[in-house]
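Below, each value reflects all heavy atoms present in this structure, side chains not excepted, and no hydrogens, waters or symmetry copies. Counting begins at 1 with the first residue of the sequence.
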Amino acid sequence: QVQVVESGGGLVQAGGSLRLSCAASGSAFSFYAMGWYRQAPGKQRELVAALTTGGYTKYADSVKGRFTISRGSDANTVYLQMNSLIPEDTAAYYCKRGDSGSYASLETGGYWGQGTQVTVFS
């Protein structure tokens, strides 16, 4: 059974940094596309960053230059490094494993984690 578990959220002052971690059990992340999404109260869930097995990355315009998605040295961890945080980054952040190595697999299926809350105060 595939499990996806996020950690690393918290309360941070604007301008600060956080690193979110996504850990897997039941499958190695290295074979699959991975994505980070977020959902703020009253808003739809949106893609923040995605990473394919071929190394292709995609970022939301609002986080380009501030956030970085990467894989850990093991096969089972994906990170989201968030720098220069602003209050608009406040949301629940979710990790998703795709069904294959392609970006498209994140849009058609996959496995979600339960989310971790990030709150940025000014």
[X] side chain near [Y] side chain, heavy-atom distance below 4.5 Å:
| X | Y | value |
| --- | --- | --- |
| T90 | Q117 | yes |
| V4 | C22 | yes |
| E6 | L20 | no |
| Y94 | K96 | no |

In terms of hydrophobic clusters joined by side-chain contacts under 4.5 Å, are [X] and [Y] together?
| X | Y | result |
| --- | --- | --- |
| V118 | Y59 | yes |
| V63 | I69 | yes |
| L47 | V78 | no |

Which pairs with one or both residues in residues 17-40 pass salt bridge (Lys or Arg N to Asp or Glu O under 4.0 Å), sequence neighbours excluded?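 For residues 17-40: R38-E46, R38-D89.
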
Answer yes or no: are there more than 12 heavy-atom neighbours, outside Q114 itself, under 6.0 Å from its atom CD?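 Open.
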
With under 30° as parallel and over 60° as perpendicular, where do the rings of F67 and Y93 fit, or are they tilted in between?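 Correct class here is tilted.
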
Under the side-chain hydrogen bond (donor to acceptor under 3.5 Å, both in side chains) definition, can you give me all pairs with a residue in residues 77-86, not counting sequence neighbours?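 Listed by first then second residue: S17-N83, D74-T77, Q81-N83.
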
Only pairs at least two apart or in different chains count here, so list each side-chain hydrogen bond (donor to acceptor under 3.5 Å, both in side chains) that has a residue in residues 98-108.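 Listed once each, the pairs are S100-S102.
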
Side chain to side chain contact (heavy atoms under 4.5 Å, CB included) against V5, all qualifying residues, sequence neighbours excluded: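 By the side chain to side chain contact (heavy atoms under 4.5 Å, CB included) rule, V5 matches no residue at all.
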
Which distance, rounded to the nearest 0.5 Å, do you find between the CZ of R71 and the CG of N76?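 These two atoms lie 10.5 Å from each other.
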
Please name the residue in the list L80, V12, T116 that meets the side chain to side chain contact (heavy atoms under 4.5 Å, CB included) test with L18.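 The passing option is V12.
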
For F121, the rest of its hydrophobic cluster, which grows through side-chain links under 4.5 angstrom: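 L11, all in the cluster of F121.
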
Which pairs of donor and acceptor atoms, one on a side chain in residues 29-36, lie under 3.5 Å apart (sequence neighbours left out)?
none

Using every non-hydrogen atom in the two residues, find where R97 and L106 come nearest and quote the distance to one decimal.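 Answer, listing the atom of R97 first, then L106: C-CD2, 4.1 Å.
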
